[in-house]
Amino acid sequence: MALPSLAVSPPSGQLTGEGLEGYYRDGRRILSRCEVRAAGGEPLVVQGRLVAADRARFIGVVRRTGERGPDPEIRMERIRSADGTERITFHSSAGRPVRLPVEIRLGTDLAELGAVAVGFPGAELRAAVHGSGLRWSGTGAHAVVSATPTPQDALASAGLLRWDLELPPGGRRTVELHARLEYNTGSPRSRAHPAAYARPGQPRIPAPRPAPAGPRMRGDRPPHPWSAARLECDDHRADALMAGSLDDLRGLLMRDPAMPTDVYVAGGFPWRCGLAPAEALWTARMLLPLGTRLAASTLRTLARTQQATPGADFGRIPGPLRDAGPHAPPSCTGIEATLLFPAVLAEARRWGLPDPETERLLPAAERCLQWLRTATDPPGGGRGGYLPDPAPDGPYRCETQAHAHRAALLGADLLDACGSSGAAALRDWAADLRTRFRTDFWLEDRAGGRPAALLTGDGRPPVPHLGSTAAHLLDTGLLGGGTLALGLLDAAQTDQLARLLRGPAMDSGWGLRGLGAKETGYNPFGHRSGAVRVQETAIAAAGLAAAGHEAAAGALTRGVLDAAESFSHRLPEMYAGDQRTADGAPVPHPAACRPASVAAAGAVQMLVALAGLRPDVPSGTVAVRPLGTTPLGAMQLTGLTIAEQPFAVRISRLGMGMVEAAADGLQLRS
């Protein structure tokens, strides 16, 4: 991944046009077939692996007629980069010169990524010889592959390039391919946004309209808007997970075409290779310990999409619907993003977002808060003061009320800090919501009770099913002085929710199930009805740690770390919620994004949360409250950023924290 470019390869490295295989640029497949033959046959590939988020390496051997003994004399190294570059090098160990015939068969359909992902690729196009390679023409665009050195033969009808390579004794020869996408004058860069396609088996739902394509930025990939954080831990798997997750996030980084100096992290491959508002904000929020630049850039990008037309949707950030499981209609990612916006801005300020940037983004946050108050049912109507999702007629989801409550409290904190009015009204609204929520959404039973998943507006009984979305009730947000905002649940209810989340019905051993295993409709492969979602497991682990339930937080963290090992430290968005066994491994979900921004950022959040950092840069303080249970042993975090300056902390095996680097003037608070 190096968005907007990416490549999908099988372990053999041979692109055959099957499934999603190919090179993509701007959401179109510019090469679906790239098959190498040498000495009249296919190389035997003995290893294929990612060496970075944007690069894969394949090693193979070439057997030639007449070779003596079992040891091959010709080795092939194939380096594939997401940007469309492929270097194929043949190494000879022979003691004499070798003439090696090589041919590469190429082809493409120029299909949209979204169409390929749901099983509707196009027909392979006819090639034409073009310069030192081949060219294919489709609607509005052309795919071009150039080769170095220039091939001796180019057969357009077969899509074939041929070379006769002369390898000296112990020498090597390289063939380099460059695939690129060219647009017809006046044609759009991409006809369909990948997010406009649903996963298999789900209804197709509309995606937010992409911003018009602006001038393409030349040169290197966008600079990374976060610091080079590094973890050194007794459990070295955690170090690999941190490094791999940040590498995945770099591959998903994109520029906003409306303002190319602003960047954000795309949702994930293959379903959300563009701006996914809620996922982009969650990613920015979970990466705040690595600096505030990504948060500021993402907030600016989303502020440009905010509804500006007077009416019921004024101030809302648009976003598509998404599946919400078998017990509820689809939820709205736009509502979640609208509520996240002021919370992310408020917390970014605590981590050190400069005042001018905060003030620049404040009007958009105020519009989000205005939408919240407008969209909330008035007391005496519907369920009285709760926020419907989707608005205006949707049910009242417990996690949406948690998002709204956090937005109100952190938004009020932000308004006070910036000298704006309206903070008192927001706090009053949040206090009233807490009072009613603790009664209306809490269902008593013999086991100690549980939060309802949702209420309806027509007086029907609450939906009692327990799922991982309840973890959002633990995520209250950071206020001044390193304190956390009040939660929607009281202390006893919070303790009971912690017991439920750590129980075997919810904790699969690899992470939290989207729906408890004892609930009707449970499906270990269900998007929101049983699969383990890394993001919500990370939110639960951080929330449990903040609430004092360190053993439960540590168990979830270790479970995800164990799962990550099975996925080569590239966590998917979700995986099956089957119960862990002694000889088992997490089962991949066939429709999960991988890499996925919220999974990668969630892994970073889980690991950094073990240090218990709570900064308040405006007051010049930071608290370090690590987990006393030290679930991963001693650890050292370097390359973090607080107050725009490097921050490093060491946690001992006894759970003692020591700050090793910090901004001048930043005081450690107990």
Side-chain angles (χ1 to χ4, degrees), residues 2 5-9 12-17 21-26 28-43 45 48 51-52 54-62 74-92 97-108 110 125-137 141-183 216 218-221:
S5 300
L6 63 96
V8 184
S9 310
S12 69
Q14 296 280 53
L15 302 182
T16 65
E21 292 176 13
Y23 276 104
Y24 296 82
R25 174 76 189 188
D26 292 342
R28 295 189 76 163
R29 182 156 63 177
I30 57 175
L31 203 59
S32 59
R33 186 183 300 276
C34 185
E35 298 174 280
V36 175
R37 291 174 64 86
E42 285 196 25
V45 175
V51 294
D54 64 342
R55 220 161 41 256
R57 182 173 182 256
F58 307 92
I59 301 295
V61 296
V62 177
I74 306 298
R75 178 169 61 95
M76 180 193 73
E77 180 186 49
R78 193 171 181 179
I79 303 294
R80 175 169 293 150
S81 299
D83 64 1
T85 302
E86 184 148 337
R87 298 182 74 252
I88 305 165
T89 303
F90 297 94
H91 304 257
S92 175
V98 172
R99 176 182 170 274
L100 186 68
V102 173
E103 62 182 38
I104 303 178
R105 187 177 299 275
L106 304 167
T108 190
L110 277 171
L125 301 172
R126 184 178 178 85
V129 176
H130 182 81
S132 62
L134 298 172
R135 184 175 190 254
W136 299 262
S137 297
H142 311 279
V144 178
V145 173
S146 56
T148 305
T150 301
Q152 277 96 1
D153 293 303
L155 304 179
S157 59
L160 201 64
L161 303 179
R162 289 176 175 167
W163 296 260
D164 281 323
L165 302 180
E166 299 291 340
L167 276 66
R172 68 180 69 180
R173 289 291 183 266
T174 297
V175 172
E176 189 164 308
L177 303 177
H178 296 274
R180 65 184 187 273
L181 186 65
E182 296 179 349
Y183 292 96
R216 186 182 299 278
R218 302 285 181 184
D220 296 334
R221 293 267 303 137

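Basis for what follows: all heavy atoms, side chains included, without hydrogens, waters or symmetry-related copies. These figures come from a predicted structure and were not determined experimentally.
Looking at heavy atoms from C-beta onward, Trp136 lies out of side-chain contact with Ile30 at the 4.5 angstrom threshold. For the pair Phe58/Gln14, no side-chain contact is recorded, criterion being any heavy-atom separation below 4.5 Å from C-beta on. Contact of the Leu181 side chain with the Leu110 side chain is registered, since non-hydrogen atoms from C-beta on lie closer than 4.5 Å. Inter-residue side-chain proximity for Ser137 and Leu125 is flagged as unmet; no heavy-atom pair is nearer than 4.5 Å. Taking the side chain as every heavy atom from C-beta outward, Ser9 and Arg78 never approach each other to under 4.5 Å.
Taking OG of Ser132 as the reference point, atom NE2 of His178 lies at 9.0 Å (rounded to 0.5 Å). Atom CZ of Arg57 and atom CZ of Arg80 lie 14.0 Å apart (nearest 0.5 Å). Summarising the geometry, atom OG1 belonging to Thr16 is positioned 6.5 Å from atom CZ belonging to Arg33; distances are rounded to the nearest 0.5 Å. To the nearest 0.5 angstrom, Arg37 atom CZ is 8.0 Å from Arg105 atom CZ.
The backbone N or O of Arg29 lies less than 3.5 Å from a partner atom in the side chain of Thr108, making a donor-acceptor pair. Within the 3.5 Å criterion, the main-chain N or O of Leu177 finds no donor-acceptor partner in the side chain of Glu86.
Evaluated for a side-chain hydrogen bond (donor to acceptor under 3.5 Å, both in side chains) with His142, the options Arg135, Arg180, Glu182 yield exactly one hit, Arg135. Among Val36, Val102, Thr174, Ile79, the one residue that satisfies the side chain to side chain contact (heavy atoms under 4.5 Å, CB included) test with Ile88 is Val36.
Shown here for Val98 and Ser92, the closest heavy-atom pair between the two residues is CG2-OG, 4.1 Å.
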Legend entry - Stepwise side-chain contact (heavy atoms from CB on, under 4.5 Å) check, Tyr183 with Asp26: CA-CA 11 Å; Tyr183 292 96; Asp26 292 342; 2.7 Å; yes

Legend entry - side-chain contact (heavy atoms from CB on, under 4.5 Å) evaluation trace for Leu106 with Leu15: CA-CA 9 Å; Leu106 304 167; Leu15 302 182; over 6 Å; no

Inset, instruction - Could you walk me through whether Val129 and Leu134 pass side-chain contact (heavy atoms from CB on, under 4.5 Å), step by step? - result: CA-CA 5 Å; Val129 176; Leu134 298 172; 4.3 Å; yes

Compile the donor-acceptor pairs under 3.5 Å between side chains in residues 153-172 and protein atoms, sequence neighbours left out, one pair per line.
from: Trp163; atom 1: NE1; to: Pro149; atom 2: O; distance (Å): 2.9
from: Asp164; atom 1: OD1; to: Arg99; atom 2: NH2; distance (Å): 3.2
from: Asp164; atom 1: OD2; to: Arg99; atom 2: NH2; distance (Å): 3.3

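Summarising the local packing, CZ of Arg87 is surrounded by 12 or fewer heavy atoms from other residues, nucleotides or ligands at distances under 6.0 Å.
With respect to the salt-bridge test (charged N to carboxylate O, under 4.0 angstrom), the residues Arg75 and Glu77 do not qualify.
With no hydrogens or angles considered, a side-chain donor-acceptor pair links Arg25 and Ser5 at under 3.5 Å.
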